[in-house]
Novice: 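I have a structure I would like to understand better, so I am pasting it below and will then ask my questions one at a time.
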Amino acid sequence: MTTVVIVGAGPTGLTLACGLARQGVAVRVIEKAAAFHTGSRGKTLNPRSLEVLADLGLGERLAAEGRTHLPFRKYFEGEFVKESEPFAGVRPSDVAPYPASLWLPQTRVERLLREKLAEYGVAVELATELADFTQDGDGVEVRLADGGRISAEYLVACDGGRSTVRKLLGIPFVGDGDPEPMMVCGDVEVEGLEPGAWHQWFGPEGVFMLCPFEGSRRWQLQASPERDADGRAVAPSLESFQRLAARHTGREDLKLTNATWLSTWRVNVRMAESYRQGRVFLAGDCAHVHPTAGGLGMNTGIQDAWNLAWKLGHVLRGLAGPALLDTYQEERLPIAAWTLDVSTAGMAAVTEGISTPGVGVEAGRVADVTGLSLGYRWSRLATDRLGGPLQAGDRAPDAVCSGPDGEPSSLFGQFAGDHFTLLGFGPSARPALADLPGHVRPVLLDDPDDAARDAYGITGDALVLVRPDNHIALTAPAAARDEVLAYLAALR
């Protein structure tokens, strides 16, 4: 029997499927499209998403296909004004191995996730559309458009802003949107332009941008739409793109060819009032949509999935009780609210700033483009007994440590997987690490340079329990083994 049905095969659904399949959960991913998307769409993975995907075993594959440093080359009324790079000078550290965003089109991210999912024997089921479903206390019955049926214990909707599942549940999608397109988008090939930068033209008539992709002839085009004689937005096409290029750049030698993924983008700022109804969950764009400022869309969905995957898996594996699933909304809905607020403010800053020469999309940079500072201190899952600078609910940083064989390792290497990790700081923590439940990995830190202590703000001997999603669950004195066991027992 299928245990979890996931509706939608974008980054959110695929991340969730990988996280569940890795735990041995029987999962099916259904996608109503007849073929996989080929358009670039989202184009950056932030550092927190890179940590998530590296935990799934995709770190090296992603790095091989993307680029981390991309200059922003800005023009005003056709003339070059300035070049900047948001992550200039930023390099990996022991605490943050992925300090900069990775530029990689969403279509490649999805392909790599599908390849990882296939390693668990799961394939996306294309041309498979959910038409309806029913649920009760024992499970969910999904009815497909072709008349087929799937029985499962849980259903997770990752089917985008127009989510069929959300609408069938009747969950309000609160907010507003602009019916008129703000941008036209597409993937094109470009002749006459150097591919080492994201080229951004601004002026009184709006914006025209061309972003290159590593190892590809494709560029992503984003532009203010062309208008007809009546002021209506002209539908995206290669011919329209070429006219826009000439108008904004003033260059006759710039030639666009082979346009694919023709699309429009409208400003929508909406959030679901609830992320769960019974045995059905919402994640990604079907739970929240927002402006593109800060590049948070794909990343927020991936991190929704990461939060839900371990919780759903632990409940299904009998390691936690069903009440754990209530913490998914408790933790992720406030993050979505923050995302809507900062991306809306960022979009307003860009709209206002681009009338000034030298100002570009970096004007919309949000307070944390990395995602590394976002945590869940308010969560019922956060128990802090030390009161240090790093607290329960926060992201657990990386640090150099010794592995089980005494060889140099990293904390992220110890965290990788679907287990809790109990870190012991100092010799008096050793007894607390013995005879732990099988889903808890003990790590007594050999930390001669105090690198891990500094990263975690630990001054004495202590215990730090890290969740499977690499957020801190509990901090306590080294002698507080009973508190660790009580915390784990309470999850059941």
Side-chain angles (χ1 to χ4, degrees), residues 3-8 10-23 25 27 29 48-49 52 55-56 135 137 139-140 152-159 163 165-166 169 171-174 271-289 296 299-340 371 374-383 392-395 418 420 466-473 487-488 490-492:
T3 308
V4 179
V5 174
I6 298 170
V7 184
T12 303
L14 291 169
T15 300
L16 178 62
C18 288
L20 290 170
R22 182 170 69 172
Q23 297 178 75
V25 174
V27 61
V29 183
R48 181 59 183 142
S49 290
V52 168
D55 194 296
L56 288 173
Q135 63 169 315
V140 182
E153 292 190 45
Y154 292 96
L155 169 66
V156 184
C158 306
D159 54 343
S163 171
V165 175
R166 188 192 65 239
L169 288 171
I171 294 176
F173 205 35
V174 179
M271 187 169 69
E273 283 192 347
S274 172
Y275 281 17
R276 180 187 184 187
Q277 193 174 108
R279 290 178 170 266
V280 183
F281 297 85
L282 309 182
D285 285 355
C286 82
H288 43 75
V289 293
L296 300 175
N299 294 289
T300 305
I302 286 172
Q303 291 155 38
D304 284 348
W306 190 237
N307 185 284
L308 181 58
W310 78 268
K311 295 173 180 177
L312 201 49
H314 276 229
V315 170
L316 290 166
R317 292 160 60 196
L319 300 174
L324 177 63
L325 299 177
D326 293 334
T327 67
Y328 168 61
Q329 173 174 305
E330 178 184 339
E331 293 185 342
R332 292 306 298 172
L333 195 148
I335 297 295
W338 174 86
T339 302
L340 265 63
L374 301 182
Y376 314 118
R377 289 188 180 186
W378 60 83
S379 171
R380 76 186 76 174
L381 298 180
T383 300
D394 293 346
R395 161 194 167 269
D418 301 294
F420 280 82
V466 180
R467 301 173 3 175
D469 62 352
N470 300 4
H471 282 266
I472 297 172
Y487 180 100
L488 294 167
L491 295 181
R492 294 181 180 270

Novice: Locate the shortest heavy-atom distance separating A272 from L333; write the atom from each residue and the value.
Specialist: O-CD1, 4.1 Å

Novice: Quick one: does Y487's side chain have a donor or acceptor within less than 3.5 Å of a partner on L381's backbone?
Specialist: yes

Novice: Measure the CD-OH distance between Q135 and Y154 for me, rounded to the nearest 0.5 Å.
Specialist: 10.5 Å

Novice: So which atom in C286 and which in L282 form the shortest heavy-atom distance, rounded to 0.1 Å?
Specialist: SG-CB, 3.7 Å

Novice: Working to the nearest 0.5 Å, report the span between CG of D394 and CG of L374.
Specialist: 10.5 Å

Novice: Main chain of G137, side chain of R279: is a donor-acceptor contact present, judged purely on distance under 3.5 Å?
Specialist: yes

Novice: Which heavy atom of G284 sits nearest to which heavy atom of D304, and what is that distance?
Specialist: N-OD2, 3.0 Å

Novice: Of all the heavy-atom pairs spanning A473 and A392, show the shortest one and how long it is.
Specialist: O-CB, 3.6 Å

Novice: Please work out whether the ring planes of Y376 and H471 are parallel, tilted or perpendicular, with thresholds of 30° and 60°.
Specialist: tilted

Novice: Can you tell me how far apart CG (L308) and CG (L325) are? Round to the nearest 0.5 Å.
Specialist: 7.0 Å

Novice: Do the non-hydrogen side-chain atoms of F420 and H314 ever get within less than 4.5 Å of each other?
Specialist: yes

Novice: For D159, which residues count as a salt bridge (Lys or Arg N to Asp or Glu O under 4.0 Å) partner, sequence neighbours excluded?
Specialist: none

Novice: Ignoring hydrogens and geometry, is there a side-chain-to-backbone donor-acceptor pair from E273 to P172 under 3.5 Å?
Specialist: no

Novice: With rounding to the nearest 0.5 angstrom, report the CG to OG1 distance, L316 to T3.
Specialist: 6.0 Å

Novice: Looking at A336 and M271, what are the two nearest heavy atoms and their distance?
Specialist: CB-SD, 3.6 Å

Novice: Just how far is it from atom CZ of F173 to atom CG of D285, taken to the nearest 0.5 Å?
Specialist: 7.5 Å

Novice: Answer yes if the side chains of W306 and D469 hold a donor-acceptor pair under 3.5 Å, and no otherwise.
Specialist: no

Novice: Could you tell me which residues satisfy salt bridge (Lys or Arg N to Asp or Glu O under 4.0 Å) with R492, sequence neighbours excluded, listed by chain and number?
Specialist: none

Novice: If you measure from the Lys or Arg side-chain nitrogens to the Asp or Glu carboxylate oxygens, is any gap between R467 and E331 under 4.0 Å?
Specialist: yes

Novice: How about L312 and V4: do any of their side-chain heavy atoms sit closer than 4.5 Å?
Specialist: yes

Novice: Looking at side-chain heavy atoms only, is the closest gap between Q23 and L319 below 4.5 Å?
Specialist: no

Novice: Under 4.5 Å between any side-chain heavy atoms of Y328 and R276, yes or no?
Specialist: no

Novice: Is there a side-chain contact between I335 and Q303 in this structure, where contact means two heavy atoms from C-beta onward sitting under 4.5 Å apart?
Specialist: no

Novice: For a 4.5 angstrom cut-off between non-hydrogen side-chain atoms, does T339 reach H288?
Specialist: no

Novice: Could you tell me which non-hydrogen atom of A283 sits nearest to which non-hydrogen atom of V156, and how far apart they are?
Specialist: CB-CG1, 4.5 Å

Novice: To the nearest 0.5 Å, what is the distance between OG1 (T12) and CG (N299)?
Specialist: 10.0 Å

